[in-house]
Amino acid sequence: MKLFLFHTVTAAQKLTNNPADQLVAALNSNRTAHKGSSLYDNPGLACIALQYIKAYEGECSAVGGGGNAKKPADSEFAETFAPNCGVSASSLTPITGRLLGCETKYVPPSEAFSSILMKNSKSLEILYDKNHTEVGAAVSGSDGGSPYFWCVLFSSGKANSSFAIEGGVAKIMRPGCFSGANDECSSASDLIRRLKVWPSAAISLAVAAYVFGV
C-alpha cells in the first residue's frame, strides 16, 4: 500500500473560523510543499462549489463511482449555480478539477482534506495539476446536519476576472460555508457542537466517503 504524506498547516499561517477557508489553506500548503503554486481563493468559484453540494440534496450514495453515482450537468453552472451566487455567467471559466467527499460525521478540515478528499492517486493528480490557477471550497451539512459534504473546485481562470460576483460582494448562504468570502461561518461550529452533544448518533451511522475527479 502506498503511503501518502501531507503537509500540515502551521499555526503561523492565517486561518479563519471558516472550515472552507481552512480546507483551502491545507490544500495550498500541500501544493507549495511539493514546489507547486499557491492557488487564488476565488469566492465566486467557492460559492458555486456550495451550490454543487446542494445539487446532491443530501444523498451520499450519489457521490463517487457506485451504482447510484451522479454529478450535476455542466449546464447547471450557467443556468443555476452562477445566478444563485450572483456570479456573472459571462465570467465562468472551465473547471479543471473537482474533488467531492461525503461522510456521515463532521471532521476537522485538515482531516477532511487528508482522509476524505485525498483517498487515492487520482486525487493527488488533481491536487498537484499545474493547469489550476484558482480554487474554491465549500462544506455543508444537509439542512444543518448529517451527512456532511466537502467540495473543492479548481479552475484555470484569472484572478479578479473569472467567476466575477456582481456588485463584488459574495452571497452568504446557510446551511454551509464557502471559502474566500471573509465569512466566519459560525454555523460550522454549531454543527461541531451538535456532534459533541450527541456523538453516538454519528457513530451509529455507517461511514460513506467518496472522491471523484473531472
Side-chain angles (χ1 to χ4, degrees), residues 16-24 27 39-64 68-102 106 109 112 117 132-191 210-214:
T16 71
N17 288 330
N18 186 325
D21 285 334
Q22 294 170 27
L23 183 60
V24 170
L27 181 153
L39 303 178
Y40 169 63
D41 189 357
N42 187 317
L45 179 57
C47 181
I48 286 177
L50 182 56
Q51 290 295 310
Y52 200 94
I53 287 174
K54 292 181 184 299
Y56 281 85
E57 300 180 330
E59 296 182 33
C60 250
S61 61
V63 179
N68 296 323
K70 66 178 183 181
K71 69 177 181 178
D74 289 342
S75 61
E76 289 196 54
F77 281 81
E79 295 173 2
T80 304
F81 302 161
N84 286 349
C85 289
V87 170
S88 172
S90 63
S91 69
L92 297 178
T93 56
I95 300 297
T96 52
R98 324 178 200 204
L99 295 172
L100 179 67
C102 178
Y106 184 88
L117 297 179
H132 306 325
T133 57
E134 54 187 3
V135 64
V139 55
S140 180
S142 301
D143 293 325
S146 177
Y148 301 90
F149 290 79
W150 300 82
C151 180
V152 179
L153 296 181
F154 300 90
S155 175
S156 57
K158 295 182 179 180
N160 301 318
S161 62
S162 61
F163 300 96
I165 298 172
E166 297 168 353
V169 180
K171 290 184 178 180
I172 304 303
M173 306 175 190
R174 297 290 186 265
C177 315
F178 60 89
S179 63
N182 296 317
D183 175 28
E184 289 297 303
C185 203
S186 61
S187 62
S189 299
D190 292 337
L191 295 180
Y210 309 93
V211 175
F212 70 93
V214 176

Before giving the answer on side chain to side chain contact (heavy atoms under 4.5 Å, CB included), spell out for S140 and L50 the whole-Å C-alpha distance, their side-chain angles and the decisive distance to 0.1 Å. CA-CA 7 Å; S140 180; L50 182 56; 3.8 Å; yes
Check the pair R98, I95 against side chain to side chain contact (heavy atoms under 4.5 Å, CB included), reporting the backbone distance first and the verdict last. CA-CA 7 Å; R98 324 178 200 204; I95 300 297; 3.8 Å; yes
Criterion side chain to side chain contact (heavy atoms under 4.5 Å, CB included) on K71 and L100, from CA distance to verdict: CA-CA 10 Å; K71 69 177 181 178; L100 179 67; over 6 Å; no
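When each of F163, F81, F77 is tested with L153 by the rule side chain to side chain contact (heavy atoms under 4.5 Å, CB included), just one qualifies, namely F77. Among V135, V139, L117, the single residue meeting the side chain to side chain contact (heavy atoms under 4.5 Å, CB included) criterion with L23 is L117.
Note: T80 OG1 to K54 NZ = 13.5 Å, rounded to the nearest 0.5 Å. Atom CD of E134 is separated from atom OG of S161 by 7.5 Å, given to the nearest 0.5 angstrom. For the atom pair CD1 (I53) and CD1 (I48), the distance works out to 13.0 Å, reported to the nearest 0.5 Å. Going from atom CG of D74 over to atom CD of E79 covers 10.5 Å, rounded to the nearest 0.5 Å. For the atom pair CG (D21) and CG (N182), the distance works out to 7.5 Å, reported to the nearest 0.5 Å.
The shortest non-hydrogen separation linking F149 to C60 is CZ-N, 4.0 Å. Considering every non-hydrogen atom in both Y56 and A62, the closest pair reads CE2-O, 3.5 Å. When all heavy atoms are compared, the tightest approach of Y40 to A159 is CD2-CB, 3.6 Å. Contact between V24 and A137 at its shortest, heavy atoms only, is CG2-CB, 3.6 Å. Closest approach of Q22 to P109, counting heavy atoms only: OE1-CG, 3.2 Å. The shortest non-hydrogen separation linking P43 to D41 is CD-O, 3.4 Å.
You'll find the side chain of C151 stays beyond 4.5 Å of the side chain of F178, heavy atoms only.
In this structure, T133 contributes its side chain and S155 its backbone to a donor-acceptor pair below 3.5 Å. A side-chain donor-acceptor contact under 3.5 Å links S91 to the backbone of A164.
No side-chain N or O of T96 forms a donor-acceptor pair with one of S156 less than 3.5 Å apart.
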